[in-house]
Amino acid sequence: MAADEAKAKGNAAFSAGRFEEAAGHFGDAIALAPDNHVLFSNRSAAYASLHRYKEALADAERTVALRPDWAKGYSRLGAARLGSGDAAGAVEAYEKGLALDPSNAALKDGLAQARSAALPRRPASGADAIGKIFQGPDLWSKIAADPTTRAYLDQPDFMQMLRDLQRNPGNLNNYLSDPRMMQVLSLMLNIKVQNQNNDASEPAPAKSSPPPPQKQPETKPREPEPEPVEMTDEEKERKERKAAAQKEKEAGNAAYKKKDFETAIQHYTKAMELDDEDISYLTNRAAVYLEMGQYDDCIKDCDTAVERGRELRADFKMVSRALTRKGTALAKLAKSSKDYDVAIETFQKALTEHRNPDTLKRLNDAERAKKELEQQEYYDPKIADEEREKGNEFFKQQKYPEAVKHYTEALRRNPKDPKVYSNRAACYTKLGAMPEGLKDAEKCIELDPTFSKGYTRKGAIQFFMKEYDKAMETYQEGLKHDPSNQELLDGVKRCIQQINKANRGELTPEELKERQGKAMQDPEIQNILTDPVMRQVLIDFQENPRAAQEHLKNPGVKQKIQKLVSAGIVQMK
């Protein structure tokens, strides 16, 4: 479950264009599930988006090694090789992937790019030369990372245009009339295009205007200004109404910033009356209703904005904004877990219009709130006790999987009962599921630090895992709360016996090798061995016995040496 959560966070960060964060989350998931090929594939994609092709290639190779029959792994491998400059290797990877999945569009596109890159380069000119930028390995990552172009990847007609350009760069002239293509072209050429859309939902903070540029002396006569285009009276009136509507909107924004919500509503309403072809007036008024807690009015305005936006073919970002506001209002109105369903659905619809990080965060918050409410609604201590007793009966009958099932249900009904965690830890121990048992024992101790069973369960699991030092610490911690507990005392004795066995050098070669291997994976042991002070101490133990004896007078050093002895790393003679 922890690996799945880390993976989900990585997916969300990747979708929002936060590739560095995504790679970190996927790395956390890999640490918990090191044999999951999908996690390596996802991290490879994140690294490729960051142009870190060396790491992307290593993860892609690991993906293919773990799952050689998975076509997508070869797509990652091809992309990483192509980004690294190995076009021939990329062709080979894509061809292997297509042998597994001949109809895979991504593999076909990748193969076309790789083959083109593998051909001898020739001078290009005109549209063909500019079109070549659409064959670069960073095309997709750049489009996905830029908020102004990211949503184009969800539009089939635009994807078809891109694929055609990758195959035939000279066709660029055919698509220059499409504003989306011009936006992507400006992105790839690093040319900034000024955004003419100033329909911010809330008023932007005031900015100081730069000083006017100094007039340069004219060196030649100024050309005559072109004559204005003749407009009909109807067109003039329409233009004037739109200008007046914008002024009302600006006045509404100013009132909103001052939290004068009633005045803001009046201005936005007036703007809507003057111009019904701009849904930003509706979404802005919805924002005011949201701030005022008038959620039903907010939802009504958002529904109208979405409907009108569809009629006008409005910017998908504006439609997404209206849906996000509606989802927020619905979440505010939610009283039960089921009430969140419609809010979650609305946020999901907003994300299909535009994948905005704020909308994604609100979706995650709503899903988390729904889950918490579900747990509260499911809470029933009486049923929890009944399920625990059923689990106890199955445990006595040595039917451990059945016992785990009932203990789990008991914890769903009452997640704060330390006894159930202790009992389930015992079941997991019997089933050999040590990591799960250790987690339950630690949760038991967290809920009730005075409950002795939590320490005996945890210590027994650590002892079984041959982590005798850790088991000793657990038993001793338990004895602080219950000094006469016989199970804890017996646990301490068993640990001392095993530790002394290592001190006396009585371990068999097989036992020593196994203990050393386990110890070298322990972060605490690794820290001791990489500590410069401890490295000098170990050298003194070999070369300067007198200095070594002085070191042992330091309690901290002595404890670390004891850990190394118990781990079989150091042997005392």
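Computation of the quantities below employed the complete heavy-atom set of this structure, encompassing side-chain atoms and omitting hydrogens, waters and symmetry-equivalent molecules.
Asp303 has a carboxylate O that lies under 4.0 Å from a charged side-chain N of Lys326, or vice versa, which qualifies the two as a salt bridge. Taking a cutoff of 4.0 Å between a charged side-chain nitrogen and a carboxylate oxygen, Lys382 and Glu389 do not qualify as a salt bridge. The pair Arg18-Glu21 meets the salt-bridge criterion, with a side-chain N (NZ, NE, NH1 or NH2) lying under 4.0 Å from an Asp/Glu carboxylate O. Checked for salt-bridge contact, Asp341 and Lys338 miss the test: no charged N lies under 4.0 Å from a carboxylate O. A salt bridge is defined here as a Lys NZ or Arg NE, NH1 or NH2 lying under 4.0 Å from an Asp or Glu carboxylate O, and Glu374 with Lys370 meets this definition. Ion pairing between a basic and an acidic side chain is recognised when a charged N comes within 4.0 Å of a carboxylate O; Glu393 and Lys399 show no such pairing. Electrostatic pairing of Glu436 and Lys439 does not count as a salt bridge here, judged by no charged N lying under 4.0 Å from a carboxylate O. Under 4.0 Å is where a charged nitrogen must lie from a carboxylate oxygen, and between Asp358 and Arg362 at least one such pair does. Salt-bridge annotation for Glu311 and Arg308: present, with a side-chain N of the basic residue lying under 4.0 Å from a carboxylate O of the acidic one. Using a 4.0 Å cut-off between charged side-chain N and carboxylate O, Asp296 and Lys300 make no salt bridge. Between Glu372 and Arg368, none of the side-chain N atoms (NZ, or NE/NH1/NH2) sits under 4.0 Å from a carboxylate O, so this pair counts as no salt bridge. No salt bridge links Arg457 with Glu487; every basic N to acidic carboxylate O contact stays at or beyond 4.0 Å. Checked for salt-bridge contact, Asp440 and Arg424 meet the test: a charged N lies under 4.0 Å from a carboxylate O.
Minimum heavy-atom separation, Thr474 to Gly459: CG2-N, 3.6 Å. Nearest heavy atoms, Leu488 versus Gly478: CD1-C, 3.5 Å. Among all heavy-atom pairs drawn from Thr304 and Leu282, the shortest one is CG2-CD1, 3.8 Å. The two residues Phe395 and Cys427 make their nearest non-hydrogen contact at CD1-SG, 3.4 Å. Listed here is the closest heavy atom pair of Ser44 and Ala60: OG-CB, 3.7 Å. Shortest non-hydrogen contact noted between Leu447 and Pro415 is CD1-O, 4.0 Å.
Counted by atom type alone, Arg412 and Gln375 present zero donor-acceptor pairs between their side chains at under 3.5 Å. Side-chain contact annotation: Arg76 with Ser41, donor-acceptor N/O pair under 3.5 Å present. Side-chain N/O atoms of Thr359 and Thr324 include a donor and acceptor closer than 3.5 Å. With 3.5 Å as the limit, one finds a donor-acceptor pair spanning the side chains of Ser337 and Glu377. Checking Asn392 against Asn423 by side-chain atom types alone, a donor-acceptor pair falls below 3.5 Å.
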Run Lys419 and Asp448 through side chain to side chain contact (heavy atoms under 4.5 Å, CB included) and show every step you take. CA-CA 9 Å; Lys419 294 179 181 178; Asp448 185 359; over 6 Å; no
Item to complete: Would you please test Tyr281 and Asn284 for side chain to side chain contact (heavy atoms under 4.5 Å, CB included) and show each step?
Response: CA-CA 5 Å; Tyr281 310 139; Asn284 282 16; 5.8 Å; no
ask   = Going through the distances and angles, do His37 and Lys72 end up as a side chain to side chain contact (heavy atoms under 4.5 Å, CB included)?
value = CA-CA 10 Å; His37 63 285; Lys72 192 169 185 178; over 6 Å; no
Evaluate the side chain to side chain contact (heavy atoms under 4.5 Å, CB included) criterion for residues Val38 and Lys7: first the C-alpha distance (whole Å), next the side-chain angles of each, then the deciding distance (0.1 Å), finally the verdict. CA-CA 9 Å; Val38 175; Lys7 176 186 173 186; 3.9 Å; yes
* To do: Step by step, work out the salt bridge (charged side-chain N to carboxylate O under 4.0 Å, His left out) result for Glu477 and Lys480.
  => CA-CA 5 Å; Glu477 186 65 27; Lys480 293 178 182 178; 3.2 Å; yes
- [ ] Using the salt bridge (charged side-chain N to carboxylate O under 4.0 Å, His left out) rule, take Glu473 and Lys470 through it: C-alpha gap first, then chi angles, then the decisive distance, then the call.
- [x] CA-CA 5 Å; Glu473 291 174 4; Lys470 292 182 179 179; over 6 Å; no
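In this structure the side chain of Arg62 reaches within 4.5 angstrom of the side chain of Asp35, judged on heavy atoms. Counting only heavy atoms from C-beta outward, the side chains of Val184 and Ile143 approach each other to under 4.5 Å. A 4.5 Å side-chain heavy-atom check between Phe347 and Thr328 finds at least one atom pair inside the cut-off. Residues Leu323 and Val306 have side chains in contact (heavy-atom distance under 4.5 Å, counting atoms from C-beta outward). The side-chain heavy atoms of Met318 and Ser280, taken from C-beta on, include a pair separated by under 4.5 Å. Using a 4.5 Å heavy-atom cutoff, the side chains of Ile30 and Asn36 are not in contact. At a threshold of 4.5 Å between non-hydrogen side-chain atoms, the residues Tyr475 and Lys458 do not count as touching. Side-chain contact check for Tyr289 versus Tyr295: every heavy-atom pair is 4.5 Å or farther apart.
Side chain of Ser320 to backbone of Ala350: a donor-acceptor contact under 3.5 angstrom is found. Side chain of Asp109 to main chain of Ala106: no donor-acceptor pair is present (N/O by atom type, distance under 3.5 Å, no hydrogens or angles). Remark: the backbone N or O of Pro449 is paired with a side-chain donor or acceptor of Tyr455 at under 3.5 angstrom. Using a distance-only test at 3.5 Å, with no hydrogens or angles considered, a donor-acceptor pair links the side chain of Tyr268 to the main chain of Asn253. A side-chain donor-acceptor contact under 3.5 Å links Thr429 to the backbone of Ala425.
The CG atom of Asp59 sits 11.5 Å away from atom CG of Leu77, with the distance rounded to the nearest 0.5 Å. Here CG of Asp101 is found 11.5 Å from CG of Asp69. Values are rounded to the nearest 0.5 Å. Distance check, rounded to the nearest 0.5 Å: SG of Cys495 to OH of Tyr468 gives 8.5 Å. Within the model, atoms CG of Asn42 and CZ of Phe14 stand 8.0 Å from one another, a figure rounded to the nearest 0.5 Å. Going from atom CZ of Phe261 over to atom OH of Tyr256 covers 6.0 Å, rounded to the nearest 0.5 Å. Remark: Leu411 CG to Glu387 CD distance equals 10.5 Å, nearest 0.5 Å.
The side-chain tip of Arg413 does not point at the ring of Tyr379 from less than 6.0 angstrom away and within 45° of straight on.
Taking the centre of each ring, Tyr152 and Phe158 come in below the 6.0 Å mark.
Here the rule is side-chain contact (heavy atoms from CB on, under 4.5 Å) with Arg285, and of Gln266, His267, Met272 only Met272 fits it.
Within a 6.0 Å sphere centred on NZ of Lys405, other residues, nucleotides and ligands contribute 12 heavy atoms or fewer.
Each ring-ring contact (aromatic ring centres under 6.0 Å, His included) pair with one or both residues in residues 405-445, not counting sequence neighbours, appears once here: Phe394-His406.
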